[in-house]
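Here's the structure, in structure tokens; my notes come after.
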Amino acid sequence: MLLEKSKELFKKGEKNLVGAVNSPVRAFKSVGGVPIFIDHAKGSKIVDVDGNKYVDLVLSYGPMILGHRHTKVELAIKKALKKGYTFGASTSAEIKLAKMVCDVFPGMDKVRFVNSGTEAVLSAIRLGRAFTGKNKIVKFAGCYHGHSDALLVAAGSGLATLSLPGSKGVPDEAVKNTLIAEYNNLESVKNHLDKDDDIAAVIIEPVAGNMGVVKPSPEFILELRNITREKGVLLIIDEVMTGFRSKFGGAQELLGVEADITCLGKVIGGGFPVGAYGARNEIMEMVAPLGDVYQAGTLSGNPIAMACGIATLKELKKQDPYKFFDKKAIKIKEMLMKSAEANGIELQVNHFGSMINPFFTSEKVTDFKSALKSDTESFKTFFWNMMENGVFLPPSQFEAWFLSSAIKKEDMKTIKAAIEISMAKVASSKIQSTNNK
Ligand SMILES: *Cc1c(COP(=O)(O)O)cnc(C)c1O
């Protein structure tokens with residue numbers, strides 16, 4: 001696989017961009033080698049600057065659920081572009097997208113649009129603190145909620161990849177109100193709630209996707225809802241990744257829980273920067289201009305982004321690809337398991353709807369600790385062989401793969417062939433490294 005032009009751009013980019021990227025995972029640090037630069041994408045495929053074509057299972061880390069440049073979405077964007085880019089005053093598109101979102105989240109009367117998932121979550125936390133009059137929050141190890149100070153503790157995603165405990169530049173005061181619990185471990189939450197009466201909210205990814213895909217056990221998520229309600233602690237469900245991924249609406253409905261505050265992002269912008277947080281009236285009416293919780297944004301509710309979000313959700317509703325996603329994810333899981341077995345490789349595959357992810361480990365992955373037992377060297381070999389064979393994967397063991405509704409039969413064939421070759425390569429590289437010891 002030729003990556004000459006990507007290599008060249010990477011060198012050039014390093015001069016004025018930090019690590020030649022604008023988000024760390026794009027630098028391919030945990031898999032080594034040259035990070036690819038993209039030229040264009042269409043449907044299920046993405047093409048790099050050297051002309052290598054891949055089936056795209058990154059999908060910009062989630063937003064491109066219909067595949068790239070869906071005709072109807074593109075049309076809606078072009079139409080919006082002609083009217084202007086941003087006005088600093090409201091447009092009808094914001095009302096329309098707000099209704100589409102509130103209609104499918106039972107606990108959401110009102111929503112506020114922002115520009116990213118990070119912004120959605122940090123605003124939701126501020127609101128949760130204001131509503132309860134309390135200061136602390138509980139988050140789960142391995143869950144990622146964006147890069148705001150208070151949430152950069154035991155976070156997954158890029159931090160899991162880089163093995164950083166948190167981040168420099170975050171003062172102790174900023175995280176002293178953040179308590180950590182273990183995913184799928186109710187006792188670890190109870191411990192905090194029983195001991196501390198200054199807890200405003202518990203925040204969780206309903207299905208974790210930033211330590212690899214980790215599902216909650218039904219008892220865990222249901223009991224979490226019960227104990228937070230009993231204690232008068234808000235449950236903030238961060239659906240930035242899961243929203244509109246596994247059903248038209250939220251994972252919380254599938255899991256049978258209802259959030260006090262829901263955070264959204266990724267899919268609802270269809271590829272443009274949109275985040276959102278929403279809740280019942282009683283909570284949302286505390287936000288300015290109705291209430292005293294200040295939160296604002298020059299480009300929030302941007303008309304082009306709203307048009308893209310509306311068109312994406314409309315098409316998604318029409319296509320209703322969720323059974324299709326489940327089927328394809330199960331097929332890919334089977335491909336992975338079969339080839340792992342054929343090559344004597346220990347593998348766990350977790351999936352939820354269109355999120356899927358293999359862990360190179362012999363133990364079930366149910367939390368951050370078990371996820372971290374994965375053999376990242378094997379993932380590295382697997383990753384580069386998948387790339388060589390035409391499948392673009394997130395360049396980290398701890399990022400979910402995503403499926404788009406644009407996936408075709410021949411893409412599945414490409415994925416299957418790539419998996420078979422890559423697993424065999426993982427097996428042979430393991431033998432080699434054992435021999436070298
Ligand atoms: C991606 C993500 C975020 C952060 O969203 P950005 O748009 O990258 O700021 C927050 N929470 C979850 C669960 C995410 O997956």
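Counting convention: from 1, in listed order, for ligands and their atoms alike.
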Closest non-hydrogen atom pair, Phe402 against Val58: CD1-O, 3.4 Å

Counting only pairs under 3.5 Å, give me each side-chain donor-acceptor contact of residues 255-277, with atom names and distances, residues two or more places apart or in other chains.
from: Asp260; atom 1: OD1; to: Arg280; atom 2: NH1; distance (Å): 2.9
from: Asp260; atom 1: OD2; to: Arg225; atom 2: NH1; distance (Å): 3.1
from: Asp260; atom 1: OD2; to: Arg225; atom 2: NH2; distance (Å): 3.0
from: Asp260; atom 1: OD2; to: Leu235; atom 2: N; distance (Å): 2.8
from: Thr262; atom 1: OG1; to: Gln252; atom 2: NE2; distance (Å): 3.0
from: Tyr277; atom 1: OH; to: Gln295; atom 2: OE1; distance (Å): 2.8

Electrostatic pair Asp196:Lys136 at N-O distance under 4.0 angstrom: yes

Protein heavy atom at shortest distance from atom 3 (C) of ligand 1: Val240 CG1, 3.7 Å

Residues Lys45 and Asp411 bridged, charged N to O under 4.0 Å: yes

Centroid-centroid under 6.0 Å between Phe140 and Phe368 rings: no

Atoms in ligand 1 with a heavy atom of Glu205 nearer than 4.0 Å: 13 (C)

Protein contact of atom 4 (C) of ligand 1 - nearest heavy atom, named by residue and atom, plus distance: Thr118 N, 3.7 Å

Tyr183 side chain to Glu205 backbone, donor-acceptor under 3.5 Å: yes

Location of contacts on Thr242 toward ligand 1, heavy atoms closer than 4.0 Å: neither

Ligand-residue contact atoms, ligand 1 with Asp238, heavy atoms, under 4.0 Å: 10 (C), 11 (N), 12 (C), 13 (C)

Option with minimal heavy-atom separation from atom 14 (C) of ligand 1, where the choices are His145, Glu119, Met241, Lys266: Lys266

Per-atom contacts, ligand 1 versus Ser116 - under 4.0 Å to a heavy atom: 7 (O), 9 (O)

4.0 Å heavy-atom contact, Glu239 with ligand 1: no

Subset of ligand 1 atoms that lie under 4.0 Å from at least one heavy atom of Gly117: 4 (C), 5 (O), 6 (P), 7 (O), 9 (O)

Pairs involving residues 103-118, ordered by first then second residue, that meet salt bridge (charged side-chain N to carboxylate O under 4.0 Å, His left out) (sequence neighbours left out): Lys99-Asp103, Lys110-Glu285

